[in-house]
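Working notes, structure below.
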4 protein chains.
Amino acid sequence: MINQVTLVGRLTKDPELKITQDGTAVANVTLAVSRNYRNSNGEIETDFVQCTLWRKTAENTVQYCRKGTIIGITGRIQTRSYENHEGRKIYVTDVVADNVRFLSSKPQEKEKEEKSEKPIAAGQA
Amino acid sequence: MINQVTLVGRLTKDPELKITQDGTAVANVTLAVSRNYRNSNGEIETDFVQCTLWRKTAENTVQYCRKGTIIGITGRIQTRSYENHEGRKIYVTDVVADNVRFLSSKPQEKEKEEKSEKPIAAGQA
Amino acid sequence: MINQVTLVGRLTKDPELKITQDGTAVANVTLAVSRNYRNSNGEIETDFVQCTLWRKTAENTVQYCRKGTIIGITGRIQTRSYENHEGRKIYVTDVVADNVRFLSSKPQEKEKEEKSEKPIAAGQA
Amino acid sequence: MINQVTLVGRLTKDPELKITQDGTAVANVTLAVSRNYRNSNGEIETDFVQCTLWRKTAENTVQYCRKGTIIGITGRIQTRSYENHEGRKIYVTDVVADNVRFLSSKPQEKEKEEKSEKPIAAGQA
DNA sequence: TTTT
DNA sequence: TTTT
């Protein structure tokens with residue numbers, strides 16, 4: 001079957017790197033994607049799409065992007081469900097990225113003091 | 001910004017037409033989209049993606065498709081939130097269709113007894 | 001059937017508006033889309049994709065973009081063929097845009113002297 | 001930059017496997033993708049999109065598909081040019097596949113006599 | 001609260 | 001929990 005997504009939008013926050021139990025780098029970000037048309041009140045609405053980035057893609061995004069950076073993501077929609085502490089079933093939908101492109105004109109590299117201690121070296125760029 | 005989705009999958013149920021307060025036809029369907037690779041247990045997982053179809057697209061899908069029909073959808077990811085009766089904020093993500101294609105080899109027309117009473121005639125096909 | 005394209009790239013030239021015989025505005029542009037990986041020589045190659053924009057989409061692109069502007073296009077691949085003056089069949093492939101987004105950080109409006117004489121007013125923006 | 005294509009259409013011919021000089025399997029196919037609307041003469045037109053498949057993707061397509069099979073392709077548009085024997089520059093556009101899905105209801109395996117001699121075993125499926 |  |  002086919003499941004293909006392309007998004008261009010702005011990061012709603014500075015992205016943060018997490019490490020899973022088995023040592024894999026991951027970043028969960030939200031993309032603010034404004035619509036191309038106005039609603040009945042003349043406003044431009046925005047969709048806030050949750051995205052999951054893995055490995056190098058996560059590391060590079062954390063290193064080179066921050067709140068407000070425009071990025072392009074290609075990937076697929078993923079759904080899953082879990083039971084919360086009240087025993088209620090919660091459904092989650094997000095976009096798992098295959099690829100991320102940095103589209104802001106000047107994605108100035110962030111200068112974070114902890115940079116040299118980053119858990120995984122950032123190779124590629 | 002850009003927000004573009006393409007899905008091909010199977011309807012998990014017979015689609016049903018609803019009519020909004022202002023008289024617009026709408027259908028909420030779930031597409032079962034199996035992945036193209038096996039997980040670490042050797043299984044093929046499936047994403048269940050909620051989709052919203054409007055007007056003719058809704059009407060035609062209800063008329064020509066049923067549980068198990070393979071359809072292709074192009075559209076965009078939409079997010080919204082509301083407060084449930086407990087005052088908890090609920091986040092909802094679905095795909096709003098621009099276009100639907102019927103891809104099953106023999107999408108035999110359904111013979112439903114209530115067909116002649118359908119609230120809106122199904123034109124296009 | 002499904003035919004869906006998303007491109008983000010730079011205009012290779014200042015776009016120009018043409019008017020067809022029946023009075024429709026059209027612009028033919030080429031998008032330079034650099035690839036996300038290096039070839040065996042360590043170089044980043046670029047695809048030069050021909051795109052056709054119609055009506056308001058053409059007019060707005062001509063008004064707000066110039067050589068080098070980053071734009072996003074969604075649309076479909078179109079193929080056609082014709083015989084050239086030597087009787088040889090020529091095959092042409094381009095992308096017909098449904099939608100164009102201006103993604104350069106500062107798409108400063110062009111100040112062209114002939115602006116006030118533009119054949120069709122540019123509404124929307 | 002972003003360059004993302006999704007196509008669903010029918011193979012215009014039985015696909016054939018070729019082997020490049022360095023031993024890589026490749027198949028060049030054309031997808032007939034009918035449009036979702038009628039032109040001014042009430043006809044449904046069709047785009048014939050050239051696609052290039054590599055390695056396992058090529059091998060599986062050759063093994064499991066034939067003329068008329070409906071397949072889904074995700075990939076990117078690729079452009080290149082060369083000079084023909086008359087010194088004229090020829091521009092070529094095709095879609096390089098990342099992924100291929102077989103969507104015909106009954107993609108019966110082809111029984112070709114040369115099957116056991118296939119240059120590269122077809123694993124995956 | 002899932003399709004083949 | 002939202003970006004410009």
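Numbers restart at 1 for each chain; the letters A, B, ... are given by sequence-line order, proteins then strands.
Considering all non-hydrogen atoms of both residues, A:A27 and A:A58 come closest at N-CB, 3.7 Å. The heavy-atom pair separating C:L31 from C:T12 by the smallest distance is C-CG2, 4.5 Å. Across A:M1 and B:I70, no two heavy atoms sit closer than the pair CE-CD1, 4.2 Å.
In this view, B:V92 and B:R80, B:Y82, B:I90 satisfy the side chain to side chain contact (heavy atoms under 4.5 Å, CB included) rule, not counting sequence neighbours. For the salt bridge (charged side-chain N to carboxylate O under 4.0 Å, His left out) test, residues two or more places apart in sequence or in another chain that qualify with A:R88 are A:E86, B:E86. Applying the salt bridge (charged side-chain N to carboxylate O under 4.0 Å, His left out) criterion to A:R55, with sequence neighbours excluded, gives no partner residue. Partners of A:D47 under the salt bridge (charged side-chain N to carboxylate O under 4.0 Å, His left out) rule, at least two apart in sequence or in another chain, are A:R35.
Among the atoms of the strands shown, none is found under 4.0 Å from any heavy atom of A:K13. B:T46 comes within contact range of at least one nucleobase, with a heavy-atom separation under 4.0 Å.
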Kindly indicate, with the supporting measurements, whether the criterion side-chain contact (heavy atoms from CB on, under 4.5 Å) is fulfilled by A:N99 and C:Y37. CA-CA 11 Å; A:N99 237 295; C:Y37 54 87; over 6 Å; no
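Stem regions annotated for DNA chain E: none, counting only runs of 3 or more consecutive pairs of Watson-Crick or G-U type with both contacts under 3.5 Å.
From the 5' end on, the contacts that DNA chain F makes with chain A at under 4.0 Å to a non-hydrogen atom open and close at F:dT2 to F:dT4.
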